[in-house]
Amino acid sequence: MTIDPSALPAAAQAALAEFGAAGGWEQRARLLMSWGERLEPLTDAERSDENLVHGCESRVWLVGEDEDGHWHFRGSSEARLLRGLLAVLLARVDSLTADELQSLDVADWFAQLGLSRQLSPSRASGMNAVLQRMRDKGRERR
Amino acid sequence: MTIDPSALPAAAQAALAEFGAAGGWEQRARLLMSWGERLEPLTDAERSDENLVHGCESRVWLVGEDEDGHWHFRGSSEARLLRGLLAVLLARVDSLTADELQSLDVADWFAQLGLSRQLSPSRASGMNAVLQRMRDKGRERR
Amino acid sequence: MLSSPWRSDFPALAVLEAQGEIYLDSAATAQKPQALINALSGYYTSGAANVHRAQHTTAERATRAFEGTREKLAAWLNVPGADQLIFTRGATEALNLLAYGLEHLVRPGDEIVVSALEHHANLLPWQQLALRRGARLVILPLDLAGAVDLPAARRLISAHTRLLAVSQLSNVLGTWQPLTELLPLARAQGALTVVDGAQGIVHGRHDLPALGCDFYVLSSHKLYGPEGVGALYGRREALAQLRHWQFGGEMVEIADYQHADFRPAPLGFEAGTPPIAGVIGLGAVLDYLLTLDETAVAQHEAALHAKLVAGLGKRRGLHLLGRPQAALASFAVDGVHHGDLAHLLTEQGVAVRSGTHCAMPLMNSLGRTGAIRVSLGLYNDGADLDVFFAALDRALEMLA
Amino acid sequence: MLSSPWRSDFPALAVLEAQGEIYLDSAATAQKPQALINALSGYYTSGAANVHRAQHTTAERATRAFEGTREKLAAWLNVPGADQLIFTRGATEALNLLAYGLEHLVRPGDEIVVSALEHHANLLPWQQLALRRGARLVILPLDLAGAVDLPAARRLISAHTRLLAVSQLSNVLGTWQPLTELLPLARAQGALTVVDGAQGIVHGRHDLPALGCDFYVLSSHKLYGPEGVGALYGRREALAQLRHWQFGGEMVEIADYQHADFRPAPLGFEAGTPPIAGVIGLGAVLDYLLTLDETAVAQHEAALHAKLVAGLGKRRGLHLLGRPQAALASFAVDGVHHGDLAHLLTEQGVAVRSGTHCAMPLMNSLGRTGAIRVSLGLYNDGADLDVFFAALDRALEMLA
Ligand SMILES: Cc1ncc(COP(=O)(O)O)c(C=O)c1O
Ligand SMILES: Cc1ncc(COP(=O)(O)O)c(C=O)c1O
């Protein structure tokens, strides 16, 4: 279910605009890398085994806080393109409630960005595992 | 390796002649049944678990004696057509030495009788298992 | 009359017929639809890859198709969450996985309960588990029709019962087992329940959550799919009790030389490269089966089965084993060895199965050394049965 | 130059090429020859049946074809007596079968020896066996080239050694292991020897009796055959030491409710319906491979490999893992994450594998979080490598 873009957080709207304008794989990859660089950094303490998302081929860490029922996640990865994927995912999920997290159609989001293939069922990209971790966090809290 | 028929025991020569003349499956089946009836009977004591040939779907018993290096086998089965198969096998192997048993081409023998299909690799017919048991007996004794 | 509208979807039927062969052994394994052949050719022609491992395009396609089958099978069984389905080599491996994976829950003196009609695959793993752990294997007797005797089951399923393992549809008697009554008896004692759906899955759609078992196993090759593929369904809470069994490949989360952590179900129980084309092929078969009119299939199968049972009932000296309700019928004939009958039916191009049907203890308890089983697929026609009956009569005449 | 005369026998290569994809991940799984596709279609079109069970004609044909593959594989490996080959789902299952089937021989304090480069499939079953039995898992270190260090092995293989399990060809380093020196060290101590031939089997024909191991495992899908099929070879005396593991179906000799006797190898270790079409398909692949000029294949593969290694050697900041001798090469690039490289290679249609390649402990001991692996099949052309190198250079430029 595609959401009216204007209902999206500003960062997500920016992602839509920028990736929508990208001409090919090379531009998309460069965009991903630059989005990755803008990720809020994690502290060394946050890059802990506990925050490691299992099921990714490259290491990905995720932390999240529930602020009045709205979730804020931060994350990082060793790999630059993964950081970029993480950044566009975080842009989309920012401030969602646990319920919204459960029902979010991430495949659709990545499709809108022309990044469908990156949402792999295997552990290679790990975005599915990241999303699962977000949902688990949301569920634990209830 | 097909042997000169005249070198075969009389019973085997008879089998070749009779099965060679059989016109179709029905005649072959009736022949098998009549050959089966001519099997030397086993005593109750000989129909023991020990003499049971494993690996046959229907029960088959086999006993064998080594007379001066030449093997004589007797056998029986609950099933009539199996008794027939056993009879034509016994006709062929009678008086063979252990070495001859090892090298006997049974597939060829059954092929000559038009009974190829009965020499099944599965446990359904069990003729392979019977042959194996004969060979094992021959080998044990050496 | 009684002609299968789906027969031409299965190319082997025509080939066999042209050779004068009639296939009535579908309970052993089913013939395959063209949809499967196309799926296998298509997959191998367009590029194979290993699954869950690499990120390249070929691997992505294979992984998506592979996981797609898991979703399709979940939908077929009304299972919420495809991660409750583990792919195995077949029903047998699924049952072995259970018997080893649940071993830690079985203590000396515990009882494992199976029925008297189980296929070796649903008997021996439990028997051997009982022997390993000093537990007792309890056998539920049957009534005359060939269903588990419920009053006896009420007595035998007790506080000692740790696990109940029972077939849904008997592969020898063709009887549906009273699972709706049996499973609650075990559950009430806190015992785990395992249903062997190897035959049941082929006849009608089943709603596993509604059935209420903890585990259910099946084989693809009986459901018109390829061999080498099967599945184990487990309720989420039940799966969580399974210990890891086979090790290697992608089932591991983290490994060092002396220690390793494993992934949860399903991947944690799928060690090594799975039968990828086979799983994809099963998906294509499910897609095909979904295009069929379920009611029409059920009616056709019921009509065939009625004709089979009625025809057998007319032969003198012929005894049915139990009172078959679906899919197949097994019988013995006074004074005639099943091996002889099978031999003469084979000569006439009729493919039926003879022997103990991987249920030796059942045969012994019925006082038989074996029986002939005739079993049906949705592609069989009434004419197949006519051929069978004619061949049977001729064989019996020859053996008289 | 460097063009594979066999490429057109593998239809997927052209299909992938038309989509702008280059397959360099054959060590994960190989593409399949048309001969396999034909064999699968042919088998399912002309009538499927279960094996070793029924006597009807369809079953006879299937059983003969199935057992025919066992004979062909025995001939391929120069094994005298096809009954020394057990069909499994793959190398992983074969190794698990060994680790469970030999468990009774391992006592607390015994040592099981593996090398530092083992695939998880040849590490975890032994690691877990050691944990179950209170035995010690001993790790043989590697030399700089990536082969087991023989002086260290001479020290570490001792009277405590009960079993040595080692790869023939490393799936990460592409190095042949010094089996001719290693195996006698174990044998001299009365230890059993297991060779993981999953990669080795694909490159050159091997004479198993001459190799002198007790057990050898392989997977069909890496040898251009279908997934879901593998084999375990055992010397007759070694097989006799295996306890039965999975139970059910035709592996039983005699069963009653409380006790059963099992058949010897191979059937006693093939519980349940096997992957029949897959096994028959592997037979067709072996037939196909037999038509190829062995020397020509070896020369082509060696030339491709030399080109691969030389090309990688020219890239600045690129480090090969070990000194690859055959089939594949793995590498890391200073300051570049393997996941990023894999991502950008994928975008350019190049299928290589990145990560730990099911050998996490090896990666850790090499101080790497992962690597890129390029692996070759007999269908690859020199041009595939040119595409790869161009894509690699572009990716490295973007990541610079
Ligand atoms: C009731 C039942 N359970 C289990 C099995 C075993 O199935 P598979 O051989 O496919 O593992 C069969 C098939 O023969 C069966 O009929
Ligand atoms: C060296 C080695 N051993 C074992 C395996 C496991 O093979 P499979 O996944 O086919 O069981 C592999 C394949 O990845 C391998 O490369």
Side-chain angles (χ1 to χ4, degrees), chain C residues 11-12 15-16 21 23 25 28-29 31-32 36-37 40-41 44-50 53-58 89-90 92-93 96 120-121 124-125 127-128 137 139 219 221 226-228 246-249 252 255-258 260 271-273 275-278 342 346 351 353 358 360-361, chain D residues 11-12 15-16 21 23 25 28-29 31-32 36-37 40-41 44-50 53-58 89-90 92-93 96 120-121 124-125 127-128 137 139 219 221 226-228 246-249 252 255-258 260 271-273 275-278 342 346 351 353 358 360-361:
Chain C
V15 173
L16 292 175
E21 293 170 41
Y23 193 73
D25 195 17
T29 200
Q31 299 305 323
K32 316 304 176 197
L36 170 64
I37 298 170
L40 295 175
S41 302
Y44 283 140
T45 299
S46 60
N50 217 322
R53 282 155 173 83
Q55 82 175 238
H56 55 74
T57 318
T58 324
R89 185 192 14 243
T92 301
E93 196 200 22
N96 279 280
H120 292 159
L124 300 177
Q127 174 193 90
Q128 297 295 312
L137 189 73
I139 311 296
S219 281
H221 70 95
E227 321 85 43
Q246 293 195 43
F247 306 97
V252 80
D256 70 26
Y257 290 120
Q258 301 295 343
T273 300
I276 301 169
T346 297
R353 176 103 181 263
C358 297
M360 289 188 205
Chain D
V15 173
L16 292 175
E21 294 170 42
Y23 193 75
D25 195 16
T29 201
Q31 300 304 323
K32 315 305 176 197
L36 170 63
I37 299 171
L40 295 174
S41 302
Y44 282 141
T45 298
S46 59
N50 218 320
R53 283 155 173 83
Q55 81 174 238
H56 55 73
T57 318
T58 325
R89 184 189 19 241
T92 300
E93 196 199 24
N96 279 279
H120 292 161
L124 300 177
Q127 175 193 89
Q128 297 295 312
L137 188 72
I139 311 294
S219 281
H221 71 96
E227 322 86 43
Q246 293 194 46
F247 305 97
V252 79
D256 69 29
Y257 289 120
Q258 300 295 344
T273 300
I276 301 169
T346 297
R353 175 102 183 263
C358 296
M360 290 188 204

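Order of the sequence lines fixes the chain letters, A, B, ..., with proteins taken first and strands second; residue numbering starts at 1 for each chain.
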[X] portion near chain C, given a 4.5 angstrom heavy-atom threshold:
{"X": "E21(D)", "answer": "side chain"}
{"X": "I276(D)", "answer": "both"}
{"X": "Q246(D)", "answer": "both"}
{"X": "T57(D)", "answer": "both"}

Legend entry - Heavy-atom donor-acceptor pair, Q127(C) side chain to Y257(D) backbone, under 3.5 Å: yes

Legend entry - Whether N96(D) side chain and F247(C) backbone form a donor-acceptor pair below 3.5 Å: yes

Legend entry - Which of G278(D), A121(D), S219(D), G90(D) touches chain C most, by non-hydrogen pairs under 4.5 Å: A121(D)

Inset, instruction - Would you mind telling me which of D256(D), T45(D), L36(D), V15(D) has the largest number of heavy-atom pairs within less than 4.5 Å of chain C? - result: T45(D)

Can you name the nearest heavy-atom pair linking [X] to [Y], along with the distance?
{"X": "I37(C)", "Y": "S41(D)", "result": "CG2-OG, 3.7 Å"}
{"X": "A12(D)", "Y": "S46(C)", "result": "CB-C, 4.1 Å"}
{"X": "A351(C)", "Y": "H56(D)", "result": "CB-CG, 3.3 Å"}
{"X": "A48(C)", "Y": "K32(D)", "result": "CB-CE, 4.2 Å"}
{"X": "L124(D)", "Y": "A255(C)", "result": "CD2-CB, 4.2 Å"}

Legend entry - Residues which pass side-chain hydrogen bond (donor to acceptor under 3.5 Å, both in side chains) with R89(C), listed by chain and number, not counting sequence neighbours: E93(D)

Legend entry - Residues which pass side-chain hydrogen bond (donor to acceptor under 3.5 Å, both in side chains) with T273(C), listed by chain and number, not counting sequence neighbours: N50(C), H221(D)

Legend entry - Per-residue contact mode, L137(C) against chain D (heavy atom under 4.5 angstrom): both

